[in-house]
Protein chains: 2
Amino acid sequence: MMENQQIKQAGLKVTLPRVKILNVLETSELRHLSAEDVYKELLAAGEEIGLATIYRVLTQFEGAGLVCRHHFEGGQSVFELNRGGHHDHLVCVKCGKVVEFVSEIIEERQRAIAAEHDFQIEDHSLIIYGVCKQCRESA
Amino acid sequence: MMENQQIKQAGLKVTLPRVKILNVLETSELRHLSAEDVYKELLAAGEEIGLATIYRVLTQFEGAGLVCRHHFEGGQSVFELNRGGHHDHLVCVKCGKVVEFVSEIIEERQRAIAAEHDFQIEDHSLIIYGVCKQCRESA
DNA sequence: CGACCCGATGCGAAAGATTGTCATTCTCCT
DNA sequence: AGGAGAATGACAATCTTTCGCATCGGGTCG
């Protein structure tokens, strides 16, 4: 079991709910899931789990660096498996599709701006909202 | 009354609550206020107003382009008077201080990235979270 | 292998933010 | 001034997320 190692290395006890949640994150079609999404996938798979546990576990995973939390529009947090590289997001406001991208130029400018204002960067979030090609055509 | 004109030009009926709310946005010390903040400022000024109205009016103002809504971390929306120029934010995670900035280089890169992925940009949000100088020194 | 300890889970209740309902009030037009 | 219809206020409802607490499970030690 791959998951067990990852959880252990993150310094967390290996429990059934944690393994199942991590597994959903790894195997789901969606790369970006809300706590509710994870909950529904597990219920659909016939797994017994409490929603509160999902929130707790996802928060722990975030603290351990296993997942990233994003605040897209819509009032709820979405989680994404941390596969190493940092990246930003392009979100379609019609269909919700998410495209990931990286721009070293932007990253570099951000560091420069933070430095100018004497801020020590902890994190940053860049989200571009737009309408994707398919949604424009079907409109 | 400056406010009346702005509200009328936004295509909204000029009502007392709207004028008062716009006035708070224009005169408050803070440039970024949550609905609750606006509510508290009005109560402190002895004004009678319902919180639900604040939410409704702010949402209308947003639709009319009078204010911008931002989703900083912390689970609630903050609103800012739209003074024309778009800008992004640098937020101190310790004290909540907000610094605004603009980078034409970043804007331009964003347009290029959206174009590459065939997205028509509607909006975007760039927030850098960090620790400001004062907070680092007092730590 | 079995007992134990402490953290982890599940459930329901609670908190915080936001929106909906609906009777009453206010704006704007005549 | 009068009236149609939109806007408001009070409160309930919803949604997301967190808390409290009794119970359960994982890992360790004997």
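Below, all heavy atoms of this structure are taken into account, side chains as well, without hydrogens, waters or symmetry copies. Chain A is the first sequence line, chain B the second, and so forth, proteins listed ahead of strands; every chain is numbered from 1.
Both A:Leu51 and A:Phe61 are part of a single hydrophobic cluster, where members link through side-chain heavy atoms under 4.5 Å apart.
Rounded to a whole Å, the CG atom of B:Leu58 is 15 Å from the P atom of D:dA7. Distance OH (A:Tyr39) to C1' (D:dT17): 14 Å, rounded to an integer number of Å. To the nearest angstrom, P of D:dC24 lies 16 Å from NZ of A:Lys13.
In this structure, the ring of A:Tyr129 has its center no less than 6.0 angstrom from the ring center of B:His124. Two rings, from A:Phe72 and A:His89, have their centers less than 6.0 Å apart.
For the pair B:Glu104 and B:Arg111, the salt-bridge criterion is met [side-chain N within less than 4.0 Å of a carboxylate O]. Between A:Glu100 and A:Arg31 there is a salt bridge, since a side-chain N of the basic residue sits under 4.0 Å from a carboxylate O of the acidic one.
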Can you give one letter per nucleotide of nucleotides 9-22 of chain C, going 5' to 3': B for a protein heavy atom under 4.0 Å from the base, S for sugar-phosphate only, - for none? BBBB----SBBBB-
